[in-house]
Engineer: 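One structure coming up, written as structure tokens, with questions to follow.
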Protein chains: 4
Amino acid sequence: MTEKAARPGVPRRTRADAQRNVEALLKAARTVFDTSGVNAPAKEITDLAGVGVGTLYRHFPLRSDLVKAVVESGIDACAAAGPQLSAVHEPGEALAEWLRQYTEFLGTKRGLAPALHSGDPAYEALPGHFLEKLGPVLTQLLDAAAAAGEVRDDVSTHDLLYAIANLCMPVPGQGPEYNQRMVALLIDGLRAPRQGGSSDSSSTDDGR
Amino acid sequence: MTEKAARPGVPRRTRADAQRNVEALLKAARTVFDTSGVNAPAKEITDLAGVGVGTLYRHFPLRSDLVKAVVESGIDACAAAGPQLSAVHEPGEALAEWLRQYTEFLGTKRGLAPALHSGDPAYEALPGHFLEKLGPVLTQLLDAAAAAGEVRDDVSTHDLLYAIANLCMPVPGQGPEYNQRMVALLIDGLRAPRQGGSSDSSSTDDGR
Amino acid sequence: MTEKAARPGVPRRTRADAQRNVEALLKAARTVFDTSGVNAPAKEITDLAGVGVGTLYRHFPLRSDLVKAVVESGIDACAAAGPQLSAVHEPGEALAEWLRQYTEFLGTKRGLAPALHSGDPAYEALPGHFLEKLGPVLTQLLDAAAAAGEVRDDVSTHDLLYAIANLCMPVPGQGPEYNQRMVALLIDGLRAPRQGGSSDSSSTDDGR
Amino acid sequence: MTEKAARPGVPRRTRADAQRNVEALLKAARTVFDTSGVNAPAKEITDLAGVGVGTLYRHFPLRSDLVKAVVESGIDACAAAGPQLSAVHEPGEALAEWLRQYTEFLGTKRGLAPALHSGDPAYEALPGHFLEKLGPVLTQLLDAAAAAGEVRDDVSTHDLLYAIANLCMPVPGQGPEYNQRMVALLIDGLRAPRQGGSSDSSSTDDGR
DNA sequence: GATGAATGAGAATTCATTCAT
DNA sequence: AATGAATGAATTCTCATTCAT
């Protein structure tokens, strides 16, 4: 029990290898997810990472653990951008810009989208992680912009986070710039005075 | 339905059963796809349809055949709505209304979305079917609205068809009305004068 | 639904094959269990039976289903012997003889013993099956013998069924006749006037 | 314990730790064997012992080494009891009492029984260890009792050692006292005048 | 044409064992 | 000596697909 301390010269270093493996796995997973989807055989990932399957299972016992780790990588940077943008832009523009960055961030994780929509209960928790980290950031931006009258106030943080995530799904024959373009369209809709539809559609129950 | 009569010399008596089976399979597939995704075990579908697996394979040798059939069911009605709407609405509103109907149509096929984004090459052809049938219809509406200056002219049929398909992906905790709401936002963006960003953002390369 | 009836000439015969497979599996399982224990790889059994693994899983989804089936095969014959013996023997001898036959029956299932004692919860239900079928039979014999004063009355059906099952566990270097011999010893103990220990042992807590 | 002193020239300092580990492993193994069987994952044992897997393998390279060590722990005390009992009891009672103590000893190792009956060749040697240590002791007692006419003379040491080991297998819903009771029954049979079966069973080939 | 039993390839997962630290 | 990360063989189980009836 006290032996570890009793051997000061052995700082339990092997961790470096383990860390390297975890990173290799993460990197490989990102690649493979993009290539073959989140349900790609574990072997494909470990082969790419150059480790044995056992190593994958040691660090990520559940497939969803790996997915989660991939999802979460980079999310902090995205969250951090919010306050910074608020500081240097008008509320509306800060919001728009953050959404563009968010879109870009999602472009990084294209292969994950199917997992989020797979319906597999194992991934049910994933969106929560997004919300938890990014929700508060976006809420801040959204509220500020709404308060300044620069965007409509009937769209929630949650609405937006998911709508954009949806718009970021890869589309055959199109790259990330397509998604940026569509998101821009949505943002325009957000900033435009609410239209809802002309004359007769105003009576339509459009689910709002 | 009229096929029996179409082959006078062939007393193909069971044709009615086969037809009934195909329909049962289609119905079951729609349900199961929604519930368990497009890769649900074949057994799940055949059990629900009340037929043997063999019957499924006879009519839909490839899984993608079944998916394709499900995708295509109802698409004609959606396509037909275009001209009708053009006839009774202003171009912009006709477009908006058609997109709403398209959204509703997609709501019918929620379970299919993952297939479209699965990356599985077997489903690569699916989007083509959409485009083929619905593309011309939407193009007509879009061009008319753009010509009338009611919508921006830098968004293509293809762009829109996919963007809305993306926005129609199911979101946890939300029903179809959520998707309608987000689509409405996109439509607003489409009808709004192009903004691209406020003053300073005009210089920003916002990916468009 | 009514189609089956509509084709009287097709009596759904394939069952013969299935039945043959089930029997082949049961036979193979009995052999393999004896050879390699109840936890032998499924492949070993299916190879011996000459069927694919899938067939094993179709008929016996759980390993314990197979074990149970093996356990139960032959149990009815054993149960049936009870009344017959009662009819032609004195109570004490009927009991003894039945226990001998029970021992012989267990010899048939030597490989199963470890399963019963594996502690694996999957097999927890197995003893129940024994009890259910054989318990009543033995109870009858035991009560009759006790009533006739030919055996002690402080040993229950349950006690005996398990004790003998235990005594029937294979012993290295010994065949079934060893087990018969030990069971005979137990039976002698059962028929002997209760001793509990001589004079001084009467004060011993002998666990009874 | 006294080993340090036993090797004067070798300043083997860590010996104490090693010893402690071995003991911890033995204790843990006993527990785990009882709980999860002899084939429990090594990790389960090392976790309980609070050591790394490597340590387990250092001291017990083969699983059977560990099992053997567990089996043997306590066996000496059991062996030693024989002569003591002979000294203070009549031959028959000495034997009976020793068998009771042996039963109690086995109760300590309940989890091991499946190993002995697993058929796994790795454990084939185990029974030999029993025999080697306890055989001579029991032989002495048995011979004395037989010579005194207090027990039948057609049951061997080997027979008894195994029969009782079998009777000591855990039975669902029963504790060690059940096993004591069944062993007592066997002992009664041993002490009873040989019966073999009444009149008519004498003609039965009852496997003896 | 319909059925469902059989097949067997494929994927997940576990765990004994090795070995670098 | 101790540790625990890494490995990968072994095994289970599932399911798409075929095929005899």
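Below, chains carry the letters A, B, ... as their sequence lines are ordered, and counting in each starts from 1.
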Engineer: Any side-chain heavy atom of B/H129 within less than 4.5 Å of one from B/I75?
Structural biologist: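 No; the side chains remain at least 4.5 Å from each other.
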Engineer: Sort and list the pairs that fulfil side chain to side chain donor-acceptor pair (under 3.5 Å) and have at least one residue in residues 41-53 of chain B, not counting sequence neighbours.
Structural biologist: B/S36-B/E44, B/K43-B/D47
Engineer: Quickly work out the A/L25 CG to F/dT7 P distance and round it to whole Å.
Structural biologist: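 One finds 9 Å between P of F/dT7 and CG of A/L25, rounded.
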Engineer: Of the non-hydrogen atoms in D/A28 and D/I45, which two are nearest, and what is the gap between them?
Structural biologist: CB-O, 3.6 Å
Engineer: So, using side-chain hydrogen bond (donor to acceptor under 3.5 Å, both in side chains) as the criterion, who are the partners of D/D65 when residues are at least two apart?
Structural biologist: none
Engineer: Just the rounded figure in Å: distance from C1' of F/dA1 to CZ of D/R20.
Structural biologist: 13 Å
Engineer: To the nearest Å, give me how far apart CD (A/E44) and P (E/dT13) are.
Structural biologist: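 Distance check: A/E44 CD to E/dT13 P gives 16 Å.
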Engineer: Measure the shortest side-chain to side-chain distance between C/K109 and C/S73 over non-hydrogen atoms and say whether it is less than 4.5 angstrom.
Structural biologist: yes
Engineer: Using the closest heavy atom to pick a nucleotide of DNA chain F for each, name whichever of C/P41 or B/A40 lands nearer the 5' end.
Structural biologist: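 The residue mapped nearer the 5' terminus is C/P41.
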Engineer: Is there side-chain contact between C/L25 and C/L48, with heavy atoms separated by less than 4.5 Å?
Structural biologist: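 They are not in contact (no side-chain heavy atoms under 4.5 Å apart), so the answer is no.
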Engineer: Using Watson-Crick pairs (N1 to N3, plus N6-O4 or O6-N4) and G-U wobble pairs, both distances under 3.5 Å, which stems of at least 3 pairs involve DNA chain E?
Structural biologist: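 In DNA chain E, stems of three or more pairs: E:2-21 with F:2-21.
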Engineer: Not counting sequence neighbours, list each pair that qualifies as a salt bridge (Lys or Arg N to Asp or Glu O under 4.0 Å) and has a residue in residues 22-39 of chain A.
Structural biologist: none
Engineer: Of all of residues 47-71 of chain C, which get a heavy atom below 4.0 angstrom from DNA chain F, listed by number?
Structural biologist: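 Per residue number, the list reads C/Y57, C/R63.
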Engineer: Considering only distance and modelled atom types, tabulate donor-acceptor pairs under 3.5 Å from the side chains of residues 49-63 of chain A, sequence neighbours left out.
Structural biologist:
unit_1: A/R63; atom_1: NH1; unit_2: A/V38; atom_2: O; d: 2.6
unit_1: A/R63; atom_1: NH1; unit_2: A/A40; atom_2: O; d: 2.8
unit_1: A/R63; atom_1: NH2; unit_2: A/A40; atom_2: O; d: 2.9

Engineer: On the nucleotide E/dA5, are OP1 or OP2 found under 4.0 Å from the side-chain N or O atoms that C/N21 carries?
Structural biologist: no
Engineer: What is the distance, rounded to the nearest whole Å, between atom NZ of D/K43 and atom C1' of F/dA2?
Structural biologist: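 Atom-to-atom, D/K43 to F/dA2, this comes out as 15 Å.
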